[in-house]
Amino acid sequence: MSGSSLSRRALMRTAAVGGLALAAPTALTACSTESGDDGVSNAGKDLAPWPAYKAFAGPRPDLAPTEEGVQSGYTSYPSDLAKSVSRTPGDGSTVKVMSVSFGTPPKPASSNRFWQAVEKALGVKIEYTVISQADYQKKMATVMAGDPGQLPDIINIFSGFALPREAQFVQRRAEDLTPFLSGDAVADHPNLANIPTHAWRDMGRIGGRIYGIPLERPLPGSTLWLNQEYFEDAGMKEGWTDQDFAAVARKGTIGRKYALGAAVGSAFGDGFHSAAHGVSARGWSVKKDGTFLPSAADERYKEMLDFQLRLRKAGSYHPDATSISQPDMIALYLNGTVGSVQDGFGGYLPKFLDRTRKFTPAAALPYSVGGTPGGIVAARRSFGYTILKKAKKERVQLLLRVLDYLAAPFGSKEWELVHYGVEGTHFTRAEDGSPEPSDLGQVENNTNLPLKYLAEGPQVLFVPGLPEAVKALHAWQTKTVPAAIRNASYGLQSSTYTSRGTTLDTLLKDTATGIVAGRTPLSEWDATVKKWRQRGGDRMAEEFARDYAANN
């Protein structure tokens, strides 16, 4: 790209962003009623201290973590597992729980030995309502509007969707956990104290209080997973540019094999490409003065749409990118039909462990645009959070002990039980000591009985029997984590976002998908952003700015 075209682009970007610089907090101090704050905002509230972090003293990692967010890596399974819970948490009572699920419905407890083993360890009977991802929003809307007395004891709030008036529901119906977890109080639950502060921050407070327990996640978010050999054969190289990427994708698309796989709802994988272009996908950035800027109005996002459109016109995308499900697209990736697929970084394990694949999975390095190095998507460090039904103090303490057990860290006996089940029944030991699921363990596990979405310890890098995969993932994180692009709204409250966020994001996503698919002209993007702003985008910017100022 020539210097003159770069200058034009810079000018366009400055004009676009400058015209949409919203909500410096100093101008919004008195906007509580106007902005729709009904108590969930943290502005003007005394903020409860985050739980005092105390790291688990377990097996040392082979590959060290970093302050920036590179994960601990274990090239082999710890041979000497620690014990992280001193006593059975429960009292024999029944605990009703509900969470999202990405697996198949579990076998009933009466015939599920994994379920029975966990109940025995926890000292409670578990009544589990499992909600598939596809049904989650509808089911949660019913639960939130129902009789408060019929709420489950433990509820997982999945961060993949903006539930209407979510924060208001939590504040009204859930137990305020501040007295039990804030500051040094969390010490009564050592595994919860082992959850890093970044997860609590990205979960966020409601009205200054702590209402949930976060499910910690690694810093890398949406990742372009490559068939390494496929892309290397097409000319992939480190330090590639956007033009290099386009050339590789074009060369790698031959016959009925496509370089780029994307699933319905992913906007042709705009997470990876927007980060490479230096902007969060339909998220937010924040200036030093607290002003919130919508990524949708950043000229770089529009340029990214144009880039994706050119990739699609070149035939590099699988033709079913606007209709195929994510699981089906991943299946096409594993069988070699597509050379890449966008998926969360945390989804690396099943890709490496898949027995049918004949290639090496690899996380793509970002390309540069116009001489500017690209970034990667920074995930919300809380995949979701767990709330408790209002109850007497003794009952709340029991439920917290149950969650403390489920939050056992990697390298502990409790983690092994919750993740693999019973040795000799659900798994055997591989030569390196790693748990190896049996046929029964392929069916009875914490994917189908998704305990990991109620509470979980901090995630680490570990692939059973594949130390080189762990080293490659750790090396990739070391290169890319410093360039992670974060959505500045994570952990902040906005009443407009909880009431209209899903609808407004759908407006942007549908238009973006239509543009790349060729159904909608690129010139429509500016009009869509204008609608988005008028229907609530501007107000969200104001509310996020106020909450950001309160938290910082």
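Along the sequence shown, residues are numbered consecutively beginning with 1. Keep in mind that this is a model prediction, so the values were computed, not measured. Basis for what follows: all heavy atoms, side chains included, without hydrogens, waters or symmetry-related copies.
Between Arg380 and Asp202, none of the side-chain N atoms (NZ, or NE/NH1/NH2) sits under 4.0 Å from a carboxylate O, so this pair counts as no salt bridge. Look at Lys351 and Asp343 and you find a salt bridge, because one of the NZ, NE, NH1 or NH2 atoms lies within 4.0 Å of a carboxylate O, short of that distance. Salt-bridge check for Lys471 with Glu468: passed, with a basic side-chain N closer than 4.0 Å to an acidic carboxylate O. Between Asp270 and Lys509 there is no salt bridge, since none of the side-chain N atoms of the basic residue sits less than 4.0 Å from a carboxylate O of the acidic one.
Judged by distance alone, the side chains of Thr502 and Asp505 never bring a donor and an acceptor atom under 3.5 Å apart. Side-chain contact, Gln459 with Gln71: no donor N or O sits under 3.5 Å from an acceptor N or O. One side chain, His419 or Glu456, offers a donor N or O that lies under 3.5 Å from an acceptor on the other. Side chains of Asn551 and Arg205: a donor-acceptor N/O pair is present below 3.5 angstrom, by distance only. Between the side chains of Ser99 and Tyr128, at least one donor-acceptor pair of N or O atoms lies under 3.5 Å.
Atoms OG and CG, on Ser323 and Asp328 in that order, are 10.0 Å from each other to the nearest 0.5 Å. Once rounded to the nearest 0.5 Å, the distance linking OG1 of Thr498 with CD of Glu166 reads 7.5 Å. A distance of 8.5 Å separates CG in Leu449 from CG in Leu454, rounded to the nearest 0.5 Å. Here the straight-line distance linking atom CG of Leu309 with atom CD1 of Ile515 works out to 8.5 Å at 0.5 Å rounding. The CD atom of Gln228 sits 5.5 Å away from atom CE of Met236, with the distance rounded to the nearest 0.5 Å. Rounded to the nearest 0.5 Å, atoms NZ (Lys257) and OG1 (Thr337) are 7.5 Å apart.
In terms of heavy-atom proximity, Asp547 sits nearest to Asn42 at OD1-N, 2.6 Å. Closest approach of Ala249 to Leu311, counting heavy atoms only: CB-CD2, 4.4 Å. Annotation for Leu504 and Gly537: closest pair CD1-N, 4.2 Å, computed over non-hydrogen atoms. Minimum interatomic distance between Met203 and Ile213 (heavy atoms only, all atoms of both residues): SD-N, 3.8 Å. Closest approach of Ser382 and Ala199 over heavy atoms only: CB-O, 3.6 Å. Closest non-hydrogen pair, Thr253 versus Ser316, comes out as OG1-CA, 3.4 Å.
Evaluation of the salt bridge (charged side-chain N to carboxylate O under 4.0 Å, His left out) rule for Asp306 yields Arg310 as partners, not counting sequence neighbours. Looking at residues two or more places apart in sequence or on another chain, you find a ring-ring contact (aromatic ring centres under 6.0 Å, His included) between Tyr333 and Phe359. For Tyr258, the ring-ring contact (aromatic ring centres under 6.0 Å, His included) test picks out His318, with sequence neighbours left out.
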Steps toward side chain to side chain contact (heavy atoms under 4.5 Å, CB included) verdict (Lys302, Asp526): CA-CA 9 Å; Lys302 188 175 177 181; Asp526 292 341; 2.9 Å; yes
Working for side chain to side chain contact (heavy atoms under 4.5 Å, CB included), residues Leu508 and Thr528: CA-CA 7 Å; Leu508 295 176; Thr528 296; 4.1 Å; yes
Stepwise side chain to side chain contact (heavy atoms under 4.5 Å, CB included) test for Gln243 and Tyr367: CA-CA 9 Å; Gln243 299 308 309; Tyr367 50 78; over 6 Å; no
Intermediate values then yes/no, side chain to side chain contact (heavy atoms under 4.5 Å, CB included), Ile324 and Leu332: CA-CA 10 Å; Ile324 194 169; Leu332 293 181; 3.6 Å; yes
Steps toward side-chain hydrogen bond (donor to acceptor under 3.5 Å, both in side chains) verdict (Asp510, Thr513): CA-CA 5 Å; Asp510 286 352; Thr513 301; 5.4 Å; no
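With hydrogens and angles ignored, the 3.5 Å screen pairs no side-chain donor or acceptor of Ser499 with any backbone N or O of Tyr497. Proximity of a side-chain donor or acceptor of Arg533 to a complementary backbone N or O of Asp538 within less than 3.5 Å is not detected. Asp135 places no side-chain N or O within donor-acceptor distance of the main-chain N or O of Ile131, the cut-off being under 3.5 Å. Distance alone, capped at 3.5 Å, places no donor-acceptor pair between the Gln308 side chain and the His273 backbone. Of the possible donor and acceptor atoms, none in the side chain of Trp525 sits under 3.5 Å from a partner among the backbone N and O of Ala512. Of the possible polar contacts, none joining the Asn487 side chain to the Gly283 backbone as a donor-acceptor pair under 3.5 Å is found. A donor-acceptor pair is defined here as one N or O able to donate and one able to accept, closer than 3.5 Å; no such pair exists between the side chain of Thr241 and the backbone of Ser368. Glu229 places a side-chain N or O within donor-acceptor distance of the main-chain N or O of Thr360, the cut-off being under 3.5 Å. With Arg381 contributing its side chain and Arg217 its backbone, the two residues share a donor-acceptor pair below 3.5 Å. Glu216 places no side-chain N or O within 3.5 Å of a backbone atom of Trp200 that could act as its donor or acceptor partner.
Looking only at side-chain heavy atoms (C-beta outward), Asn446 and Tyr453 stay at 4.5 Å or farther from each other. Side-chain atoms of Val377 and Thr223, non-hydrogen and from C-beta on, never get closer than 4.5 Å to each other. For the pair Thr447/Lys452, a side-chain contact is recorded, criterion being any heavy-atom separation below 4.5 Å from C-beta on. Using a 4.5 Å heavy-atom threshold, the side chains of Phe292 and Leu492 count as touching. At a threshold of 4.5 Å between non-hydrogen side-chain atoms, the residues Thr322 and Arg519 count as touching. Within the 4.5 Å cutoff, no side-chain heavy atoms of Leu63 are placed close to those of Leu461. Using a 4.5 Å cut-off on side-chain heavy atoms (C-beta onward), Pro106 and Val130 make contact. A heavy-atom distance below 4.5 Å is found between the side chains of Ile157 and Met140.
In this pair, Phe345 and Tyr348 present their aromatic rings tilted. The plane angle is within the 30 to 60° band. Ring geometry for Phe307 against His277 counts as tilted: the plane angle lies between 30° and 60°, on a 0 to 90° scale. Below 30°, between 30° and 60°, or above 60°: for Trp284 and Trp532 the angle between ring planes is between 30° and 60°, a tilted geometry. Ring-plane geometry between Phe245 and Phe272 is classed as tilted, the angle between the planes lying from 30 to 60 degrees on a 0 to 90 degree scale.
The aromatic ring centroids of Tyr385 and Tyr211 lie 6.0 Å or more from each other.
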